[in-house]
Amino acid sequence: MTIQFFEVAVYAAFAVLLLVFAGSIFFQENPVYAIFYLILCFCCSAFILFCQAAHLFAIFFILIYVGAIAVLFLFVVMMVNIKKVSIPSFQSDLQVALAVSSFTASLPLLLYVAWSAYYIPSVAPVYTFACAQKHAIIRTLLPYLKENSIFDDLPEAVYIGQTLFNDYGMLVYLAGCMLFLALVVSIYLTIEFKTKFGEASKEASKQIARKKNYN
Amino acid sequence: MIYSDTLIFINQIAVNLFLFILSFGALVLNRNNILISLLAFELMLLSANLNFLTFSYSFYDVYGKIFSIFILTVAASESAIGLALLIVFYRLFGTIEITNKTTLLKG
């Protein structure tokens, strides 16, 4: 029982947990429970990233996925006051066929993945950047493997920052513009301008309507 | 014994693939409401994101991680707008059920 066995065993446990939680999202009656399982999925994927020495992105996942997106879901569920989400059931043969075929479609792709692990390419891969100093052999061989890089032993966040804000600075700016656009669109879609008490609405359809909301 | 990094690499690709197919199946077979579709879509984006990061960390590449940041941005924006649309739908219809009888022309 080496340390590598335990490393893989712990990773495998959390990978299985990820799939179990993802499956149980869609069989919940309570919407808050469904979002809770989604949060557990995000936390399991953060742990899996830790297992692969991706510490920065594990924290990113928890900050952004759990801290922003899941909280957004919860606020909307509270606002819209969703009480019950009906559990899916098969209502036609087509649905059964789709479900079964979507599971069996993964099998040949899994075989391809298993094959490609033992594939020996004829050309050696080019190591362009070092992400994490995880293995001693990479640390020693890296000066002979790299081509034109100055930075070889910086922490991961510095590496990503150097590449992201220098080579892809405009993309960061565009991503910021997209987030701003999402903010404006969300507010525009959901804002309601309420009339003061005693003042009739200026829309003709609202003045002659019998009910306030139509279902 | 196979080196543990290779084992984790292979199994992580399989996990990502299975997660994607599972959530795609839930998205397609959904007959209940819009929230389930949004949750399934978030899981699909998560599986693609994990795939990018898995390959990038195994091949000591940096471009996969940079693209993963942008995928996070897109996921956040898309969920914000999707939930805003859910609120508008609820205001129009009073419920968030989608069945074969639901059309946007009612009301």
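Below, chain A is the first sequence line, B the second, and so on; all start at residue 1. Bear in mind the structure is a predicted one, so any value in this text is a computation, not a measurement.
Ranked by heavy-atom pairs shorter than 4.5 Å toward chain B, the options Leu19(A), Ile187(A), Ile64(A), Ile82(A) are led by Leu19(A). Taking Thr73(B), Leu50(B), Leu46(B) one by one and counting their heavy-atom pairs under 4.5 Å with chain A, the maximum is reached by Leu46(B). For the set Ser47(B), Ser23(B), Gly82(B), Ala80(B), the count of heavy-atom pairs under 4.5 angstrom toward chain A peaks at Ala80(B). Counting heavy-atom pairs closer than 4.5 Å to chain A, the top-ranked of the candidates Leu35(B), Thr54(B), Val74(B) is Thr54(B). Of the listed residues (Ile48(A), Val77(A), Leu183(A)), the one with the most heavy-atom contacts under 4.5 Å to chain B is Ile48(A). Note on Ser45(A), Pro31(A), Ala12(A): by heavy-atom pairs under 4.5 Å with chain B, the leading option is Ser45(A). Counting heavy-atom pairs closer than 4.5 Å to chain A, the top residue among Leu39(B), Leu38(B), Val28(B), Leu85(B) is Leu39(B). Comparing Leu22(B), Leu53(B), Asn33(B) by heavy-atom pairs within less than 4.5 Å of chain A, the highest count is held by Leu53(B).
Residue Leu86(B) touches chain A through its side chain alone, counting heavy-atom pairs closer than 4.5 Å. Looking at Ala76(B), both its backbone and its side chain come within 4.5 Å of chain A, counting heavy atoms on both sides. Contact annotation for Ile36(B): both backbone and side-chain heavy atoms come within less than 4.5 Å of a heavy atom of chain A. Neither the backbone nor the side chain of Leu181(A) has a heavy atom closer than 4.5 Å to any heavy atom of chain B. At a 4.5 Å heavy-atom cutoff, the contact between Val80(A) and chain B is made by backbone and side-chain atoms alike.
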Lys65(B) vs Leu164(A), side-chain contact (heavy atoms from CB on, under 4.5 Å): CA-CA, chis, key distance, verdict
CA-CA 10 Å; Lys65(B) 296 162 207 152; Leu164(A) 187 67; over 6 Å; no
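Counting heavy-atom neighbours within 6.0 Å of Phe70(B) CZ, excluding the residue itself, gives a total above 12. Annotation: Glu78(B), atom CD; neighbour count of heavy atoms from other residues, nucleotides and ligands within 6.0 Å is above 12.
From Phe61(A), atom CZ reaches atom OG of Ser68(B) across 5.0 Å, with rounding to the nearest 0.5 Å. To the nearest 0.5 Å, the span separating CG on Asn11(B) from SG on Cys51(A) amounts to 12.0 Å. Interatomic distance, CG of Leu189(A) versus CZ of Phe89(B), reported as 14.0 Å (0.5 Å rounding). How far CZ of Phe180(A) is from OG of Ser77(B): 12.5 Å, rounded to the nearest 0.5 Å.
Results of the side-chain contact (heavy atoms from CB on, under 4.5 Å) test with Ser186(A) over Ile81(B), Ile87(B), Leu83(B) single out Ile81(B) as the only residue that passes.
Looking at every heavy atom in both residues, Ala22(A) comes nearest to Leu43(B) through CB-CD1, 3.9 Å. Pairing each heavy atom of Thr190(A) with each of Arg91(B), the nearest pair is O-NH1, 2.8 Å. Contact detail for Gln52(A) and Tyr57(B): the closest heavy-atom pair is O-CD2, 3.8 Å.
Contact check for Tyr90(B) versus Met79(A): no side-chain heavy atoms found under the 4.5 Å cut-off. Inter-residue side-chain proximity for Tyr65(A) and Asn49(B) is flagged as met; some heavy-atom pair is nearer than 4.5 Å.
Checking Tyr11(A) against Gln12(B) by side-chain atom types alone, a donor-acceptor pair falls below 3.5 Å.
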